[in-house]
Every structure is written in structure tokens, then in C-alpha cells.
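Report on the following structure.
Just so we're on the same page: letters track the sequence lines, and every chain starts at 1.
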There are 2 protein chains.
Amino acid sequence: MKDNMKDNMKDSTKPRRPPNARDVAGLAEVSVSTVSLVLNGKAALRGIPEATIQRVMEAVERVGYRPNAMAAGLRRQTSDTIGFISDLIATTPHAGPMIQGAQDAAWEAEKILIIVNTGDDRSVQDRAIEMMLQRQVEGFVYATMYHRFVELPAVLREIPSVLLDCRSEDTTFTSVTPDEQSGAVAATEHLLSAGHRRIGYLQTNARIPAAMERLEGFKMALQSRGVDFDPHLVATGIDEFSGGFEAASSLLDLPTPPSALVCFNDRMAAGAFRAAHRRGMVIPRDLSVAGFDNEELVSLFTDPALTTVQLPHYEMGYWAVTNLLGQIAGTGAAGIRHRIACPLVARDSVGPPKDDPSSRDEN
Amino acid sequence: MKDNMKDNMKDSTKPRRPPNARDVAGLAEVSVSTVSLVLNGKAALRGIPEATIQRVMEAVERVGYRPNAMAAGLRRQTSDTIGFISDLIATTPHAGPMIQGAQDAAWEAEKILIIVNTGDDRSVQDRAIEMMLQRQVEGFVYATMYHRFVELPAVLREIPSVLLDCRSEDTTFTSVTPDEQSGAVAATEHLLSAGHRRIGYLQTNARIPAAMERLEGFKMALQSRGVDFDPHLVATGIDEFSGGFEAASSLLDLPTPPSALVCFNDRMAAGAFRAAHRRGMVIPRDLSVAGFDNEELVSLFTDPALTTVQLPHYEMGYWAVTNLLGQIAGTGAAGIRHRIACPLVARDSVGPPKDDPSSRDEN
DNA sequence: CCTGTTTACTCAAACGATTTACTATATCGT
DNA sequence: ACGATATAGTAAATCGTTTGAGTAAACAGG
């Protein structure tokens with residue numbers, strides 16, 4: 001009676017603490033140790049009979065028990081958490097899949113991601129890293145929205161880290177980036193195979209690895225087919241629609257204009273479309289165009305749809321976390337530089353050159 | 001000597017445990033209690049002199065101490081973490097700013113976000129929520145990439161939750177959505193002010209709140225200016241470029257076509273551009289067009305640039321977390337339905353009607 | 001009956017903080 | 001000189017798990 005009253009008092013007064021392992025143990029009439037053992041699948045190893053396991057499971061169900069991950073983590077000295085630092089990915093349209101890839105890889109390993117977008121602000125970044133370390137993240141993914149070189153905060157050296165879509169001078173970091181060069185090779189070869197020999201290149205004026213490597217791929221592809229690279233066919237502008245428009249205009253106004261263009265990115269390619277249209281040219285009849293990035297909207301709005309090269313964002317995100325988990329588990333190596341292929345997405349902006357001298361030779 | 005040896009052994013054998021409060025206390029020659037007091041700014045209240053505070057801080061610096069958030073959280077029974085469940089936001093281009101807004105609000109309150117993209121998979125969602133609850137999240141933001149009705153898992157009722165860009169039949173949940181209706185009113189009034197009286201509407205065939213509310217706003221704006229709503233001027237299609245193209249085509253082929261179009265979204269508006277161009281019409285001379293969503297790339301590629309209505313993604317994300325934090329702190333109310341205004345972004349796709357009868361009256 | 005092994009658990013010490021209650025010394029008013 | 005008050009701390013309990021070491025009971029073998 002007295003007990004009963006006390007219980008009732010307790011029930012109504014308590015701020016309703018969520019059930020813990022002790023509650024489960026009480027109900028199942030075992031010790032908390034046993035509960036823990038059962039819940040962690042170590043019951044078999046310790047010779048705990050099926051009947052007891054059942055009792056525990058029922059009790060778990062009955063009280064609605066949910067293990068407290070902080071307590072477990074504290075004891076186990078793990079957090080099952082990885083930190084994802086990015087400059088601006090969440091706000092950048094086509095980089096979102098990186099997060100998805102990272103998340104999927106983490107998910108499969110029962111880890112979760114804590115993501116902070118620093119907006120490229122150093123102090124935010126440093127505080128974010130500090131917060132994550134306090135939360136005992138097991139590793140970092142350091143991601144940028146486009147392939148570039150970064151200066152890394154020194155703390156990243158303390159725990160496993162991988163660079164996603166960026167690189168550092170410090171080669172002890174693992175990094176994963178698009179294989180820009182082979183992507184550009186693919187695009188260029190696609191044009192070469194269509195019969196083009198006089199191919200222009202629309203280059204960005206940004207001094208980033210992507211710029212160098214794509215141009216390099218362009219040159220390599222030409223060379224492998226025995227076509228001379230002509231520097232006059234490279235026009236430079238900002239890597240947006242307007243830059244593409246201007247750069248393409250300058251090439252199309254040449255005495256002998258190119259019959260095809262490889263563009264640093266889709267936006268520039270879209271600018272090239274406009275430049276061609278303004279001159280009464282029809283794509284791909286009068287000009288073939290290949291882009292880079294495979295931005296959904298660009299290919300939706302270019303008419304005909306733009307042939308382009310896809311950046312492997314999802315795959316990079318996935319690879320980054322997979323490698324990171326390897327490092328954390330001690331089974332994977334750090335310091336490797338991984339490149340992921342950029343597949344060509346062939347659509348309708350590429351055709352044979354209008355006056356195709358090679359078609360007589362090669363067809 | 002023996003001690004020394006043992007210490008050395010320890011030093012070289014130990015897997016290098018990160019420094020904890022005890023280490024700091026030892027160096028500063030105080031108790032761990034004091035260290036905690038100092039680090040939590042409670043030193044003043046407890047009359048701990050400046051000199052001791054200094055000693056502790058120096059020791060913290062010296063050993064590179066970083067408080068373990070899991071241990072603190074366990075003791076304090078808080079995680080300073082909020083869960084962010086979304087269907088597909090990370091992969092949807094224009095919804096990214098929601099995450100940024102949510103993050104910024106969380107950041108200001110020293111909370112961190114754990115984000116999971118469920119890809120609209122129920123089982124992933126349920127597991128994600130379970131994981132988050134185990135990690136003691138203090139509340140949930142449940143977000144969708146476009147404004148729609150959702151069926152919520154029952155567990156969300158257990159702890160504070162807010163719906164971001166979606167709504168539930170259960171009105172005990174706080175929700176924040178775009179004020180679609182007033183956005184459509186703004187766009188329509190913009191056209192009316194330019195002199196248009198015969199305005200078409202390109203509607204999506206998706207049965208979502210955004211569809212109803214935008215159309216409703218369109219009607220309201222007409223009515224408030226005394227213009228009769230003509231159902232024949234509403235054409236329906238899928239909410240993509242192609243749907244816009246087709247729907248606009250059908251309206252433009254009417255015996256007396258509209259002089260302006262309000263479109264469910266920017267993609268349909270872009271389709272309308274193409275339909276107009278195909279008919280030799282020039283925008284905005286022959287047709288004015290207003291969109292909805294303000295997708296960056298669309299406005300970049302439409303020529304002239306598209307006048308549209310912006311969705312307040314960032315603001316919604318920010319508001320959602322702010323309200324959630326209020327609920328968590330017990331100071332904020334739940335169950336409120338908040339709408340955020342959608343500002344008009346006037347660009348160049350709207351002009352006066354070609355043959356403007358009202359310009360004689362009103363100008 | 002005694003010893004050794006297996007079975008089926010339990011005990012209690014961690015993990016690393018926070019916080020309440022307590023103590024020891026110094027200072028002050030009377 | 002005495003009790004009261006302020007000063008400057010500390011000890012120990014606690015949060016909810018995990019886990020290595022331990023143990024009681026049952027059983028087998030001799």
C-alpha cells in the first residue's frame with residue numbers, strides 16, 4: 001500500500017526518464033550485463049540460452065527501450081560518427097550527390113555523418129572542426145564544391161581524413177577527384193570520331209586544376225589522333241554562360257572557324273549555343289559542341305540537348321567515405337590519390353562536320 | 001627509478017589516450033571539479049580567483065585538452081544535436097539553401113545538425129529516426145524537397161519536431177512552408193500592372209499543395225483587379241520543360257491567345273519560351289512570362305532573363321530550426337503553421353502587352 | 001564424495017565529464 | 001576569543017553503457 005503510493009507518486013512526479021537498460025533488466029529479471037550482452041549479439045558467445053534472450057527481448061519491447069548511444073560510445077570509445085566539412089556544397093546545385101554518396105557509404109557501415117557547410121569561412125571551419133572533434137568523430141571528409149587545391153587546418157592530421165574533390169600539397173592525405181583529363185579525352189575523341197579535325201576549346205580563366213587537366217586531356221586526344229593542337233583555337237573567358245558566349249564568338253569569327261567546340265563546362269557550352277544561334281548556325285549541323293559537368297538543367301534547356309561529360313560526384317562521395325572507414329578500421333591505406341572516371345554523356349549536340357574532308361578518307 | 005621506468009613503459013605502450021580533465025587537473029594542481037567549473041564559466045559564481053583560472057587555462061592549452069562531448073552530454077542529459085530528416089534535398093538543386101538555413105540557425109545556438117537523406121525510402125527513414133533517437137537528438141526537422149503533404153512516423157510525436165516545406169494532417173506539428181498563394185498574387189499583379197488582362201496559367205498536373213495554392217493566388221489577383229478568371233486560359237502539363245512547352249503551345253494556338261503567362265514553375269516557363277520562339281514571338285514584346293521557383297540556371301539561360309518568384313528556402317530552414325529550438329527550450333509554441341513570403345524577382349520577361357487597350361485608359 | 005568442467009549468469013570497474021554537498025581556512029564583527 | 005560569513009576549493013555520486021573477472025549451481029568422471 002505504502003509502496004504503491006510511493007510508486008504512484010514517483011510515476012506522476014518524475015519528469016519521465018526514458019527507459020534504460022536497468023529497467024529492462026528488472027523486467028526480464030536478469031542483470032544489466034545480460035541485457036547488454038543480448039542486445040549486442042554476444043549472448044551466444046557467453047552461453048546465454050534462447051529462453052533468456054527471449055525474455056530480454058520481450059522486456060525491451062515492453063518498456064520501449066532505446067540504447068543510449070552516448071553512453072555506449074563513451075564506454076566503447078567510439079562515436080560511429082564521421083565529420084563532413086564542406087565549403088559550399090549544400091548550396092551548390094550539382095555537388096549534392098557527393099553528400100548522398102558519402103551518406104550511403106556511411107550508412108552501410110552504420111555510421112552517421114555530421115555535416116557542416118562552412119561557407120568558406122575559416123573561423124567557421126575551425127570552430128566546426130573543433131566541435132566535431134569534441135564529439136569524437138572518427139574521421140573527416142573535407143569536401144569542396146569544385147576540384148581545387150586547399151590549405152588544410154593542421155588538426156586534420158590528428159585523425160583519419162580524406163579530401164573530396166580537392167587536393168592538398170600535403171600528400172599524406174588521401175584524396176579523390178574526378179579524372180578530368182580522361183573525361184576531356186573522351187569528349188574530344190567523340191568529336192574526332194565524328195570527323196572533326198578543327199576543334200576549338202573554350203577555357204575558363206580560373207586557375208584551377210580542372211582547367212589545366214581538361215585542356216591537357218583535350219591536347220592528348222588530338223595528339224593521339226595525329227591532329228595538331230592549334231593554340232589559336234583556344235579562347236578563354238569566365239566559366240559562365242557569358243564567358244562561353246564571348247569565347248565562342250571569338251572563335252566563330254575566325255577566318256576559318258572550328259567545326260566543333262569542347263567547352264570547359266556546360267555553362268560555357270550553353271553560351272556557345274547562343275553565339276552559334278546568333279550567327280544563324282544550327283547545332284549540330286554547323287557546329288558540334290561538347291560540354292563538361294552534365295548539369296541537369298543545362299542539358300534540359302539546350303536545344304538540341306548537350307553532349308557532355310559527367311562528373312562522378314556520387315561515386316567520389318562514396319569512395320571518400322569508404323576509404324576513410326578503411327583508414328579508421330586500420331585496414332585501409334592513407335595518402336593515396338584516387339581519380340574517378342568521368343563518363344561521356346552523348347546527346348544530340350555532336351554530329352559530323354558540315355564539310356567533312358575526312359569522311360571521304362575514313363568512311 | 002622504478003617509477004620512471006614504469007612511466008616510460010606506459011608512455012610508449014599506451015595507445016595514446018587523448019588528454020582528459022584529470023590530466024588538466026593534475027597539471028594545474030586543482031581537482032577535476034575545478035577544471036570543469038572553470039571551463040564552463042561557472043568559476044565566477046563559485047568564487048574561484050583569476051589566478052587559478054589562469055593556471056587551469058594554461059594547463060588546458062599545454063596538454064591540448066578537448067572536452068569530450070559524449071561524456072558531458074551523458075551527464076547533462078543533452079546532446080546539443082538536432083536531427084534533420086529529408087527525402088531528397090541533398091540531391092535536389094534548389095533546395096540546398098534549406099539545409100544552409102537550418103544549419104546557420106543551429107550553429108548560432110551551438111547545436112549541430114545530423115542530416116540523413118532517406119531517398120524517400122520508408123525503411124531508411126525509420127532506421128534513421130531510430131539512430132537519431134539513440135543519439136539523443138533533441139528534436140527533429142522533417143523536410144521535403146517540395147511543398148507537399150506527408151505521413152509522419154509516429155515517433156516524431158515523442159520529441160519536438162517541425163515540418164519543413166511540408167505539412168501533415170496532424171496539426172499538432174509546427175510547419176513552415178512557402179506562402180505560395182501570395183507569391184502567385186505578386187507575379188500576377190506584376191503582369192496586371194504591366195497592362196495585361198488576358199493572362200494564361202500553366203498548371204502542373206501534380207496534385208500538390210503548391211499547385212492549388214499558386215493557382216488560387218492567380219485567381220485572387222485577377223479578381224482583386226476586376227479581371228474575370230477564364231478557365232480556358234489554364235493549360236495543364238507535367239511540371240517540366242516539355243510540359244510547359246506543350247501547355248504554352250495550346251494556349252498560344254487559341255483564337256485569341258493570352259498576352260502573358262503565369263507558370264507553375266520556371267521549367268514550365270522555359271518551355272513556354274520555346275513555344276513562343278517557335279511561333280516567331282519575341283519575349284516580352286509579343287508575350288510576357290512569369291515563372292516560379294527562381295532556379296538559378298533557368299534565369300541564366302532564358303533570354304531575356306525570366307521574371308519569377310523566389311522560394312524562401314533559406315528562410316524556411318532557418319525558421320524551422322529556430323522554432324524547434326524554441327520548443328526544445330520550452331519557450332516556443334508547437335502546432336503553428338507558418339508561411340513565409342515568396343518575393344518576386346523582376347527580370348526582363350515581362351513588358352506591356354503588344355496591343356494594350358488599358359494603356360490608353362490607365363496611362 | 002571429491003574435483004574439474006561447463007553453464008549461465010552477475011559484479012563492479014571503467015568511460016569522462018558535471019554538480020551537489022561538503023570542508024578547511026581566512027576574515028570579520030563584537 | 002567566539003561564532004558567523006566568505007573564500008576557495010574538493011569528494012563523491014551520477015549519467016547509461018560495456019566488459020573482464022568472477023562465481024554459484026549443475027553435472028560428469030573417477
Requested in this report: Round to a whole Å and report the spacing from CD1 of Ile48(B) to C1' of dT23(C).
Outcome: 15 Å
Query raised in the report: Can you find a side chain N or O atom of Ser31(B) that sits less than 4.0 Å from OP1 or OP2 on dA11(D)?
Result: no
Report summary line: So OG1 of Thr144(B) and CD1 of Ile85(B): to nearest 0.5 Å the spacing works out to 12.5 Å
**Report entry** Earlier contact from the 5' end, DNA chain C, for Arg46(B) and Ala69(B)
**Finding:** Ala69(B)
**Report entry** Nucleotide dT18(C), atom C1' - distance to CG of Leu37(B) in whole Å
**Finding:** 9 Å
Report task. Starting at atom CG of Leu39(A), determine the distance to atom C1' of dT18(D), rounded to an integer number of angstrom. Result -> 12 Å
Query - Closest listed nucleotide, where the reference is the side chain of Ala71(B) and the choices are dA12(D), dG16(C), dT18(C) - result: dG16(C)
Query raised in the report: dT19(D) P sits how many Å from Asn40(A) CG, rounded?
Result: 7 Å
**Report entry** Expected output: side-chain Ser161(B) to main-chain Leu156(B) donor-acceptor under 3.5 Å
**Finding:** yes
Query - Atom pair distance, as rounded to whole Å: CD in Glu50(B) and P in dT7(D) - result: 16 Å
Query raised in the report: Just by modelled atom types, is the Ala329(A) backbone N or O under 3.5 Å from a matching donor or acceptor in the Glu138(A) side chain?
Result: no
Query raised in the report: Distance check: side-chain N/O of Arg75(B) vs OP1/OP2 of dT14(D), anything under 4.0 Å?
Result: no
**Report entry** Atom CD of Glu29(B) with >12 non-hydrogen neighbours under 6.0 angstrom
**Finding:** no
Query raised in the report: Is Thr52(B) near enough to dA8(D) that one of its side-chain N or O atoms lies under 4.0 angstrom from OP1 or OP2?
Result: no
Query raised in the report: For the pair made of CD in Gln77(A) and C1' in dT17(D), what is the distance, rounded to whole Å?
Result: 12 Å
Query - Separation of atom CZ in Arg22(A) from atom C1' in dC15(D), rounded to whole Å - result: 10 Å
Only distances under 3.5 Å count here; give the side-chain donor-acceptor pairs of residues 65-75 of chain A to other protein atoms, sequence neighbours excluded, each with its distance to 0.1 Å.
from     : atom 1 : to        : atom 2 : distance (Å)
Arg66(A) : NH2    : Glu158(B) : OE1    : 2.7
Asn68(A) : OD1    : Met70(A)  : N      : 2.8
Asn68(A) : OD1    : Ala71(A)  : N      : 3.1

Query raised in the report: With a non-hydrogen cut-off below 4.0 angstrom, is Val30(B) in contact with a base, only sugar-phosphate, or nothing?
Result: sugar-phosphate
**Report entry** Phosphate OP1/OP2 of dG16(C) contacted by Asn68(B) side-chain N/O (<4.0 Å)
**Finding:** no
Query raised in the report: If you find the nucleotide of DNA chain D closest to Pro49(B) and the one closest to Leu74(B), which residue's nucleotide is nearer the 5' end?
Result: Pro49(B)
Query raised in the report: Per the atom types in the model, does the base of dA11(D) pair as donor or acceptor with the side chain of Ser33(B) at under 3.5 Å?
Result: yes
**Report entry** Atom-to-atom span, CD of Glu29(A) to C1' of dA8(C) - whole angstrom
**Finding:** 15 Å
